[in-house]
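Not measured: the values here are computed from a predicted model. Lettering of chains follows the sequences in order, A, B, ..., and the numbering in each one begins at 1.
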Protein chains: 2
Amino acid sequence: MNILVIEDEKNVASFIKKGLEENGMIVTLAYDGETGLSLLQEQEYNVIVLDVILPQVNGWEVCNRIRKQLRLKTPVLMLTALSSTDNLVKGFEQGADDYLAKPFKFQELLVRVKALDRRNRNQVATQSVLRFDDIEMNMEQKMVTRAGKEIKLTSREYNLLEFFMKNPNKVISRMEILENVWGVNFDLGTNVVDVYVNYLRNKLEKNFEKKVIQTVVGMGYILRAN
Amino acid sequence: MNILVIEDEKNVASFIKKGLEENGMIVTLAYDGETGLSLLQEQEYNVIVLDVILPQVNGWEVCNRIRKQLRLKTPVLMLTALSSTDNLVKGFEQGADDYLAKPFKFQELLVRVKALDRRNRNQVATQSVLRFDDIEMNMEQKMVTRAGKEIKLTSREYNLLEFFMKNPNKVISRMEILENVWGVNFDLGTNVVDVYVNYLRNKLEKNFEKKVIQTVVGMGYILRAN
DNA sequence: AGTCTTTTTCACGATTCTGAACGAAATTTA
DNA sequence: TAAATTTCGTTCAGAATCGTGAAAAAGACT
């Protein structure tokens, strides 16, 4: 289970990290909201622990942006020093899923994190996002980004990339591609695959440093980071 | 707001009752699970405060029966002396919505009760109202507004929009739409879907800045803000 | 009958797909 | 090493498909 903790007080942060790690969780720390948000773009987390009081952008704002901007449904547990009703209600309005008033016992935190994860698992079976290196493919929105930049693909190009991303670091033959992307299972003497790989490369690798689709002469292609 | 408190320790019970009443709530006490369950059959409550340790039937069992037997979705706040993880996870499994470890400050209880009520109200509300960006769909009144302005739709148009709003930010294929809105599950070579999307666009996007229904060539359509 | 809603059809333009052609690169053969 | 062969990358133009809007036809309801 991956947890992102956004908390500026370093001793509190490392206290939480240590405790959660002792319970078998993988914990990433962010000491401010912006860092947290960019981490969320890079990787998927199961639960976010978010302090309300943060430098610059406060926790509510961060929470709001997680929902509205990043469109993530990852459950958020808010940590708050102020346990007044109004403040908390505000938290829920911004899309927090639970809150915990400081100071708290670690057991409390642990239980809540587990409960949030549990609740979430039941609701959303899978977040349909494929990732490879800095390429991200949202299978619901059929949207692809590389290093955060949107890359518009036609449907055939998209399907081809999806096949690559479902078989990363693995040489794929032209036949396999034809079968799985074009639905053809006989060799029509065509080079469509070559052409489309070329299209993909143009869209996916131009303006970027690293090449990701490499050809393996006589065998096919492979999606590999450098 | 009606609260049912199921708690056998009379001094704790009356302490809670008094406090909640001071905050304008109507509180009913039950000193054991059976009494609580029968009260729930007679009247509707907004929130249930339930002690885990009760004579005869324990709190988890009561919670379980509230969900499985009475089929009530009334939010349950569990009071527990044991804040160990396992016990609490068990509580959530039985359908509790939140918990509070004894001893607690009254403020904590109050906040949680309010939060539960609030969450519940929102859920019930959103059961009949769908929102996306500035579009609001009242499913009881079958009425749609955008930016507060009413938009009159025919029933087919309404059903189509409803399907979109239930699958926001997700590419929907023509087939899916045909199946779910027209109830056809074979490909009659028609472009009704295209036509109706077009109707929706006319009614929903003319006179407004932002387009919300976008076509994804070769794949279908997507309801997406901007 | 008359209005409103729904379905179907059509045509144009835009996008996407595909095969062919050819040079470049890699591999094999001589 | 050089030549021959195979494989690959790229470009391009025609073909096929798809999206859109309008308009006509069919159906439902009053």
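Taking atom CZ of B/R156 as the reference point, atom P of D/dC29 lies 12 Å away to the nearest angstrom. The separation between A/L178 atom CG and C/dT18 atom C1' is 12 Å, rounded to whole Å. Between the CG atom of A/L160 and the P atom of C/dT16 there is a distance of 15 Å, given to the nearest Å. For the pair A/M219 CE and C/dA25 P, the computed distance is 22 Å after rounding to whole Å. Computed from coordinates, the A/K152 NZ to C/dA14 P distance equals 17 Å when rounded to whole Å. Regarding B/N191, its CG atom lies at a distance of 13 Å from the P atom of C/dA11, rounded to whole Å. Rounded to whole Å, the distance from CZ on B/R201 to P on D/dT20 is 5 Å. One can place CD1 of B/I213 at 14 Å from C1' of D/dT20, the figure rounded to the nearest angstrom.
Using a 4.5 Å heavy-atom threshold, the side chains of A/F163 and A/L223 count as separate.
Within the 4.0 Å cut-off from OP1 or OP2 of D/dG21, at least one side-chain nitrogen or oxygen of B/N198 is found. Between C/dT6 and B/W182, no contact under 4.0 Å exists linking OP1 or OP2 to a side-chain N or O. Contact annotation: A/T154 does not reach the phosphate of C/dT15 (side-chain N/O to OP1 or OP2, under 4.0 Å). Between A/R174 and D/dC8 there is a side-chain polar atom (N or O) within less than 4.0 angstrom of OP1 or OP2. Residue B/Y221 places none of its side-chain N or O atoms closer than 4.0 Å to OP1 or OP2 of D/dC18. Between D/dT17 and A/S155, no contact under 4.0 Å exists linking OP1 or OP2 to a side-chain N or O.
Taking the charged nitrogens against the carboxylate oxygens, B/D98 and A/R112 do have a contact shorter than 4.0 Å, which makes a salt bridge. B/E157 and B/K152 are not joined by a salt bridge, as no carboxylate oxygen comes within less than 4.0 angstrom of a charged side-chain nitrogen.
At the heavy-atom level, B/V197 lies nowhere under 4.0 Å from the strands shown.
Mapping A/V195 and A/V216 onto DNA chain D by nearest heavy atom places A/V216 at the nucleotide closer to the 5' end. Each of B/V217 and B/Y196 has a nearest nucleotide on DNA chain C; the 5'-most of these lies closest to B/Y196. Nearest-nucleotide positions on DNA chain C place B/L153 closer to the 5' end than the other of B/L153 and A/L153.
Under the side-chain contact (heavy atoms from CB on, under 4.5 Å) test applied with A/V129, the options A/M139, A/E136, A/M137, A/E140 reduce to a single match, A/E136. None of A/L116, A/I3, A/L72, A/I66 except one satisfies the side-chain contact (heavy atoms from CB on, under 4.5 Å) rule with A/I48; the exception is A/I66.
Applying the 3.5 Å distance criterion, the base of C/dT7 shares a donor-acceptor pair with the side chain of B/Y199. On a pure distance criterion of 3.5 Å, no polar donor-acceptor pair joins the side chain of A/D194 and the base of C/dT18.
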